[in-house]
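Worksheet: one structure, shown below.
Quantities reported herein were computed from a predicted structural model and do not represent experimental measurements. To find a chain, count down the sequence lines: A is the first, B the second, and so on, and within it residues start at 1.
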2 protein chains.
Amino acid sequence: MYDVARLAGVSQTTVSFVVNNVTSAAISQETRDRVWAAIHALGWRPNAIARGLRTRHSQTLGLISDEVVTSPYAVRMILGAQEAAWSVRQMLLVVNTSGQQDIEQMALQFMLERRVEGLIYATMYHHEVVPPPDLGPVPMVLVNCFVADRSLPALIPDEVQGGYTATEALIRRGHRRIAFINEVIPMPALFGRLEGYRRALADYGLPFDPTLVCSVHSNAQEAFAATRALLELAERPTAIFCFNDKMAMGAYDAIKRLGLRIPHDVAVVGFDNLELIAAQLYPPLTTVELPHYEMGRRAVEMLQTLPAGETLPPIQHYIPCPLIERASI
Amino acid sequence: MYDVARLAGVSQTTVSFVVNNVTSAAISQETRDRVWAAIHALGWRPNAIARGLRTRHSQTLGLISDEVVTSPYAVRMILGAQEAAWSVRQMLLVVNTSGQQDIEQMALQFMLERRVEGLIYATMYHHEVVPPPDLGPVPMVLVNCFVADRSLPALIPDEVQGGYTATEALIRRGHRRIAFINEVIPMPALFGRLEGYRRALADYGLPFDPTLVCSVHSNAQEAFAATRALLELAERPTAIFCFNDKMAMGAYDAIKRLGLRIPHDVAVVGFDNLELIAAQLYPPLTTVELPHYEMGRRAVEMLQTLPAGETLPPIQHYIPCPLIERASI
DNA sequence: ATGAAAGCGCTAACAC
DNA sequence: GTGTTAGCGCTTTCAT
């Protein structure tokens with residue numbers, strides 16, 4: 001910067017002023033031009049580290065995740081966060097902990113040492129977490145997870161609304177016997193989607209029939225068997241709501257194997273909106289989207305709105321899960 | 001740090017020495033303990049920004065990608081890069097450009113201002129690129145892409161070997177009429193895999209039959225049609241090598257629709273190893289893996305080995321694509 | 001309209 | 001074994 005100043009025949013202060021467009025001390029246009037010319041001539045680039053030291057702003061956000069970075073389920077979360085950060089000239093420091101506590105702890109330390117101005121703690125699937133306690137002075141927001149006592153702000157999918165939306169879509173198409181193949185491992189998604197399913201049924205005056213609801217592990221194979229069983233029922237369902245798209249994949253196989261057509265004979269709706277599956281299946285799968293992009297985006301947005309030094313209110317934000325209509329209902 | 005020093009009754013230098021475990025000036029164990037005690041008492045944490053300014057090391061690597069971050073194809077690349085960086089205490093600054101030149105240019109500037117010590121430029125699929133010219137003094141390695149004149153080091157999948165491996169696996173199972181449903185849009189993967197397919201055939205003394213090779217867009221639907229056509233051939237193939245897993249998904253549908261069984265009647269091998277598809281398909285798909293994790297890992301590894309200030313030799317590294325055996329052949 | 005000077009929090013010669 | 005001191009490259013107050 002001194003070199004630039006010397007070449008432009010001004011003080012280093014002036015260079016700083018023109019680079020940062022400081023308005024309080026108006027520099028003449030002619031001087032500005034000289035300075036910029038010198039900058040380009042020298043190929044000088046400001047040193048963000050030095051600037052950060054001085055301003056006490058790293059312009060950096062930390063993103064700690066368990067597996068989310070590597071899971072196709074949720075990569076859009078990173079995209080949302082990164083694009084939002086980008087729009088306010090911040091950058092994202094990411095580390096994936098593979099679920100290991102020690103890595104998580106160290107990652108947090110590293111980020112705090114780098115003076116990140118906010119932290120996002122994200123998980124691959126919606127569940128309860130216990131993040132490291134010592135966050136120092138930086139605000140943290142949870143994405144796709146929450147702490148037991150709700151003492152940290154969180155952005156989580158509105159599972160109930162998602163289950164409701166899926167079921168309602170089916171009901172609106174005239175289906176009255178709607179099966180639900182649920183996940184079997186207890187998790188918020190399981191309870192929430194089931195609750196949404198029941199509420200939709202109730203709201204439309206349809207009975208809740210326990211024989212139409214089953215629980216299996218969420219993979220194509222178990223869903224295949226479950227679908228088969230469902231379709232062998234005396235009064236078989238005309239529509240199946242699958243806990244996720246992987247299961248819908250198995251359901252498709254079972255339905256086709258029985259010579260039935262989708263959606264003519266049996267309608268199917270999934271959950272997750274995994275492009276790779278939903279769009280490639282035949283017919284393309286109507287499904288409910290997990291709002292990963294939106295959660296990532298809002299996470300950094302929340303971190304922005306924070307008047308320096310303050311802490312975010314521990315609000316649990318339920319983000320809606322929109323229906324993505326394709327051709328399976 | 002001054003506060004810590006005062007509390008421990010030593011100079012600030014001593015604190016620095018114990019924090020950084022400086023061996024050149026051995027501090028007595030008793031002093032070390034006092035210093036650490038003070039550090040914990042005060043909850044002090046070193047400021048990596050100040051340290052970076054002084055040492056001129058940011059301990060940071062930049063990762064610029066077009067879509068790779070958001071594509072399930074390649075998220076493992078980030079994992080590989082991040083884990084490797086982690087093991088040498090570096091962190092990753094990531095930005096996804098969505099393919100926009102201006103974002104790319106700015107991202108590069110931002111990273112250079114933050115004094116990243118190395119750059120990784122990655123793309124979603126294997127193709128030629130023109131990265132921004134002004135890299136400043138930092139080394140860059142390309143991942144999953146290359147520049148026309150090969151003037152930048154690159155890590156790319158060995159498509160030829162991948163195609164060869166897939167075909168060979170089929171040949172070893174006794175297949176002699178092996179179809180290949182290739183991609184239609186010209187790209188290295190298309191040419192490489194075809195080349196591998198031909199070489200394997202030749203090496204095993206099998207004739208190359210052009211009627212067994214077709215080109216379609218790489219989606220399930222077109223692969224469905226292509227497979228159908230292939231299976232209606234007078235002398236139909238007993239095995240199909242699909243350009244990618246999405247296409248294998250379509251091939252599965254077509255084979256099953258014709259009442260044929262996999263792999264008994266027709267064997268299938270894919271490419272990409274998209275867990276989501278390959279493992280969920282029934283039967284699970286044998287496929288060739290794109291070495292994303294490995295490319296990410298090696299990229300940061302290469303950046304490490306660089307004696308400060310030097311530039312990486314522009315070697316094009318072809319990373320092998322291993323066969324992932326499941327149950328479709 | 002521009003410049004002098006005082007740090008931001010740390011590292012690393014060098015001195016004792 | 002430990003302390004003194006001089007920066008690293010910037011921003012920003014206060015003078016001029």
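Counting heavy atoms from C-beta outward, Arg45(B) and Asp134(A) have side chains that approach closer than 4.5 Å. Proximity of Tyr121(A) to Val147(A): side-chain heavy atoms (C-beta onward) are nowhere separated by under 4.5 Å. Counting heavy atoms from C-beta outward, Ser98(A) and Glu67(A) have side chains that approach closer than 4.5 Å. Met77(A) places a side-chain heavy atom less than 4.5 Å from the side chain of Val143(A).
Here Val10(A) lies in heavy-atom contact (under 4.0 Å) with sugar-phosphate atoms only. Across all strands shown, Arg32(B) has no heavy atoms under 4.0 Å from either base or sugar-phosphate atoms.
When atom types are taken as modelled, the side chain of Thr123(A) and the backbone of Asp66(A) share no donor-acceptor pair closer than 3.5 angstrom.
Between Thr14(B) and Arg115(B), the residue anchored nearer the 5' end of DNA chain D, judged by the nucleotide with its closest heavy atom, is Thr14(B).
In summary, the side chains of Ser16(B) and Thr13(B) do not present any donor paired with an acceptor at a separation below 3.5 Å, with no hydrogens or angles considered.
The two residues Pro46(A) and Arg51(A) have their closest heavy-atom pair at CB-NH2, 3.8 Å.
Of all nucleotides in DNA chain D, those with any atom nearer than 4.0 Å to a heavy atom of chain B start and finish, going 5' to 3', at dG1(D) to dG9(D).
Ser28(A) has a side-chain polar atom (N or O) that falls below the 4.0 Å cut-off from OP1 or OP2 of dT2(C).
Atom CG in Leu42(B) sits about 14 Å away from atom P in dG9(C), given to the nearest Å. The CD atom of Glu113(A) sits 15 Å away from the P atom of dG9(C) (whole-angstrom rounding).
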So which protein nitrogen or oxygen atoms get under 3.5 Å of nucleotides 4-8 of chain C's nitrogens or oxygens?
{"residue": "dA4(C)", "atom": "N7", "partner": "Thr13(A)", "partner atom": "OG1", "Å": "3.3"}
{"residue": "dA4(C)", "atom": "N6", "partner": "Thr13(A)", "partner atom": "OG1", "Å": "3.0"}
{"residue": "dA5(C)", "atom": "N6", "partner": "Thr13(A)", "partner atom": "OG1", "Å": "3.3"}
{"residue": "dG7(C)", "atom": "N2", "partner": "Arg54(A)", "partner atom": "NH1", "Å": "3.1"}
{"residue": "dG7(C)", "atom": "N3", "partner": "Arg54(A)", "partner atom": "NH1", "Å": "3.4"}
{"residue": "dC8(C)", "atom": "O3'", "partner": "Arg56(A)", "partner atom": "NH2", "Å": "3.2"}
{"residue": "dC8(C)", "atom": "O2", "partner": "Arg54(A)", "partner atom": "N", "Å": "3.4"}

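One finds a salt bridge joining Arg297(A) and Glu294(A) here, because a Lys/Arg side-chain nitrogen approaches an Asp/Glu carboxylate oxygen to under 4.0 Å.
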